[in-house]
Structure formats: C-alpha cells, structure tokens
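Naming convention: chains lettered A, B, ... in sequence-line order (proteins, then strands); numbering from 1 in each chain.
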2 protein chains.
Amino acid sequence: MSDATTLDRAPPRKRDAEATRAAILEAAKGQFARLGYDRAALRDIAAEAGADVSLIKRYFGGKEALFTAALKASFRPGGFKHWDRGAFPREVAELMAGPVPADETSTHSFQFLLRAATSPTTAPLLSLAVQDRFLAPIREWLGGEDAPARARVLAAVFIGFLVERLVRDEPLDGAERAAFIDHAAAILEAAVAPKG
Amino acid sequence: MSDATTLDRAPPRKRDAEATRAAILEAAKGQFARLGYDRAALRDIAAEAGADVSLIKRYFGGKEALFTAALKASFRPGGFKHWDRGAFPREVAELMAGPVPADETSTHSFQFLLRAATSPTTAPLLSLAVQDRFLAPIREWLGGEDAPARARVLAAVFIGFLVERLVRDEPLDGAERAAFIDHAAAILEAAVAPKG
DNA sequence: CAGCTAAGTCAACGCCTATTGACATGCCGC
DNA sequence: GCGGCATGTCAATAGGCGTTGACTTAGCTG
C-alpha cells in the first residue's frame, strides 16, 4: 500500500540537517507545482522526502515560508540565456504543441509559477520572485528600447500557451498540430521581434 | 461584524425554490471566480446567497456539481459575436493594460475559466465546457481554413494576457503602458489575422 | 380552516489540515 | 567512553471543510 511513485528508500539517510532540508525542498517543489498551494499537503511533502512534518516547521517555519522557498528554488537565474533568438519561436511552438511531459521536471518551474499566479492565496507572494527571476531575465534577453513592456507581453504569451497545453484534453492530430505550430510560431516571432 | 461586502438584505426573500437556487448559483459564480475551487467555501457561498448550506446539497448535489453548474452558467454562448474584428486587438490590449475591474462581473467568466483551468481538481471538469462555450464560439468568430488551431492560439494568447494582468502588482505607468498596448495589439492582430 | 408538502433551519458527524510541544536518539567533541 | 546538542519522532490540539439527517415552518390545496 506504500506509495509507489518513489521507490522505497532502504537507507533512510543518515542524520543530516542539510540533506533533509534539501529533500523537503525538492519534494515541495514537485508537489506545489503539480497540485498547487492548497491541495499540496505538508504531510505528503514530508512523506515524499522521508521526513517528519514537524521538521518542515523547524527548517522553514510554515507552509507559506516553505512555498516561497520552493518558489525561489524553482527559478534558476539565467535559464533563458542559452535560447537562440531565431530558433526560439518554432522550438517553443513545437514544445507547446506536445503533451505535458511525464517527466515534469523540465517544465516544473513554469507550472509552479502558473499555479502560484492563479491562486489568490499565493499571488501576493509572487511579485518579487516574478520580477527578479522571470521578467528581469526576459527583459535582459530581449534587450532594446521598451524591453519592460515587451517582456510583459512575451511572458503573457508564454503563460497563455502553457495554460492551453495544460487544459488540452487530447493530443493535437497531424493537420491541426501543424497549423497550431505555424500560428503559435508566428505569434512568438511577433513577441520577440525587435520592433513593432 | 456582519460581512459588509453585500448589504444586509432586510427582506429575507419569500419561500421560492427557484429564486434561492438562482441566488446560490450567482454567489457560487462570484466566489469560484474570485477564490478558485479549493478556497471557495460552501458555507460562505450559502451565506452570500442568504441561504443555508444544506440547500446546496438539495439543489445541486454537492460541491463539484455546484461548480460545474456555475461553470456552465458563467459562459453565455455568443458573447463574442458583437466584437468587431478590426477594433478587437486594440480594445483588448487596452483592457489588459488596465487593472482588474472592481466590478468583476465583466471579466467573471474568464477568471472563472482561468482558475478552473489551472487547478488540477477542476481541470478535468473543464474539457466539455471549454470546447462548447469557449473554443467553439472563437472558431466560429474567426472562421476560415484552420479555425480550430487558430482558435486554440487565440485562446492561449487571451488567457495569457489575463494572467499577466492578474499577477501585475502595480498599474503600468504612461510610457510602459503605451508600449505594452502597442505590442499586445500587434500580437492580437497576428492572432486574428486571416492567414499567416 | 385543516392538512400536507415543499422549503428552510439547525446541529452534528467525520475527515483532513497546519501547527505545536514534549519526548527519544543518533552523532560528535572532549 | 561519555555528555550534550542537534536531529528526528510522536501524539495531541484546534480549526475548517463537505456532508448528512432530523426537525420546523410557511404556503398552497382542498
């Protein structure tokens, strides 16, 4: 009856505060991204990390604090840098035409952001993290005159495609898929274009 | 100490099943849109409607059923028809540059959709409603060859701007606002353009 | 006016949650 | 080898939630 999502970890980890803290944070990142703030239970997070609930309080303080910690840890600065400006639109369009990957870690950060953004509980906790770790890198990556406004637009478009993919019930078939990619790429192209 | 969001209704409404049902539905639409599925409490919904919690069970069956009912009631078919194709991009761009209106009823349906879409609990309940009441009207409004794919893209862009506005911490100042509107309008233009 | 039924009320249950404080125990330095 | 402290465990608390069933009452029907 033990949860089979993670294999039973026979060596229950030596007493190591740093390691358990990290394990809790990792589990929190996953569960918050997958379930959202409300439905993620501290008990389950602790269980997945192989730790006790009370350690969450000790190491982080509470649920909100754990959430903000996981939020910060989910965004690595500079993740945008390596994207090629020319290939970006089509690559992202194709990514968004596909299903949500089973290995969710690749899009964890964005789902995390998305879930957090659309919950009234967590939205207030976002503004700083969004500014520093999301909008600022996009701004820098875009460059140019009205980078702030254009970063907002690009972020909006990006998030929009993310939601669309999240809600999509069945995969796009061949013809619709091709058309979707074409149009999405055109939109993204317009979003990263240097000047209107 | 009574909640001041709604004035105390001195006449507590005569015994009228239909009327109370409607009142509950109306309250549910508001609270679900504002708070999302998880944080909306049946007790509060009933209180806002001036009814008892148990009536929700009697008239709707349970929370999920109430939610789907509110979801269906939130989308009026044909709401898109009156939008002029030419003015649409700039109008929407300006709408999205502004703050979330205090009178939220104007964007209730979309917030409702948004909240529902990004919660794993309610996302499965969405597919039909989204197809029938959201994508289909957009498809019809767009017309043309690959209307299905383009409707998806337009819906994604729309939702994206909605989220951006929802998360925005402070209003856009003059310069950034103008640039934002320009770029957003360009994106929306590309989304409704007849052919790529 | 009497009686019945639909409409509304009330109180309680069971479950799950975050949080907390007291307790046990492994590990490290002396 | 031993004491002390950081680490981990356990149980209990308090509150909120959806759900439920029994009770009361208003309003129509005959």
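Both Glu64(A) and Arg58(B) lie near DNA chain C, and the one whose nearest nucleotide falls closer to the 5' end is Arg58(B). Comparing Ala17(B) and Asp52(B) by the nucleotide of DNA chain C whose heavy atom lies nearest to each, the residue mapping closer to the 5' end is Ala17(B).
Clustering ILVMFWY residues whenever any of their side-chain heavy atoms sit less than 4.5 angstrom apart, transitively, puts Ile45(A) in a cluster other than the one holding Leu35(A). Cluster annotation: Trp141(A) and Leu95(A) are assigned to distinct hydrophobic clusters (Ile/Leu/Val/Met/Phe/Trp/Tyr, side-chain heavy-atom contacts under 4.5 Å, transitive).
Rounded to whole Å, atom P of dT20(D) lies 12 Å from atom CG of Leu42(B). Put simply, CG on Asp38(A) is 12 Å from C1' on dC17(D), counting in whole angstrom units. Regarding Glu18(A), its CD atom lies at a distance of 17 Å from the C1' atom of dC27(C), rounded to whole Å. Across the protein-nucleic acid pair, Gln31(A) atom CD and dA18(C) atom P stand 11 Å apart, rounded to whole Å. Look at CZ on Arg39(B): it is 12 Å from C1' on dC17(D), rounded to the nearest Å. The distance from atom NZ of Lys63(B) to atom C1' of dC15(C) is 14 Å, rounded to the nearest whole Å. Here dT7(D) presents its P atom at 16 Å from CD1 of Ile56(A), a figure rounded to the nearest Å. Atom CZ of Phe67(A) is separated from atom P of dT19(C) by 14 Å (rounded to the nearest Å).
When heavy atoms are screened at a 4.0 angstrom cut-off, Ala19(A) is found touching no nucleic acid atom at all. Residue-level contact check: Ala46(B) touches neither bases nor backbone, having no heavy atom under 4.0 Å from any strand. At a threshold of 4.0 angstrom between heavy atoms, the contacts of Leu55(B) include nucleobase atoms, whether or not backbone atoms are also involved.
For dT25(C), the base has a donor-acceptor partner in the side chain of Arg15(A) [N/O atoms by modelled type, under 3.5 angstrom]. Judged by distance alone, with hydrogens and angles left aside, Ser54(B) brings a side-chain donor or acceptor within reach of the base of dT9(C), the pair sitting under 3.5 Å. Checked by distance alone, Arg43(B) brings no side-chain donor or acceptor within 3.5 Å of a matching partner on the base of dG16(D).
At the phosphate of dT20(C), OP1 or OP2 sits under 4.0 Å from a side-chain N or O atom of Lys57(A).
Nearest nucleotide to the side chain of Tyr59(B), out of dA7(C), dC17(D), dG8(D): dA7(C).
By the 4.0 Å N-to-carboxylate-O rule, Glu189(A) lies too far from Arg90(A) to be salt-bridged with it. A salt bridge links Glu26(A) with Lys29(A): at least one charged nitrogen is closer than 4.0 Å to a carboxylate oxygen.
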| task | Check the pair Leu126(B), Asp169(A) against side-chain contact (heavy atoms from CB on, under 4.5 Å), reporting the backbone distance first and the verdict last. | result | CA-CA 9 Å; Leu126(B) 262 187; Asp169(A) 41 346; over 6 Å; no
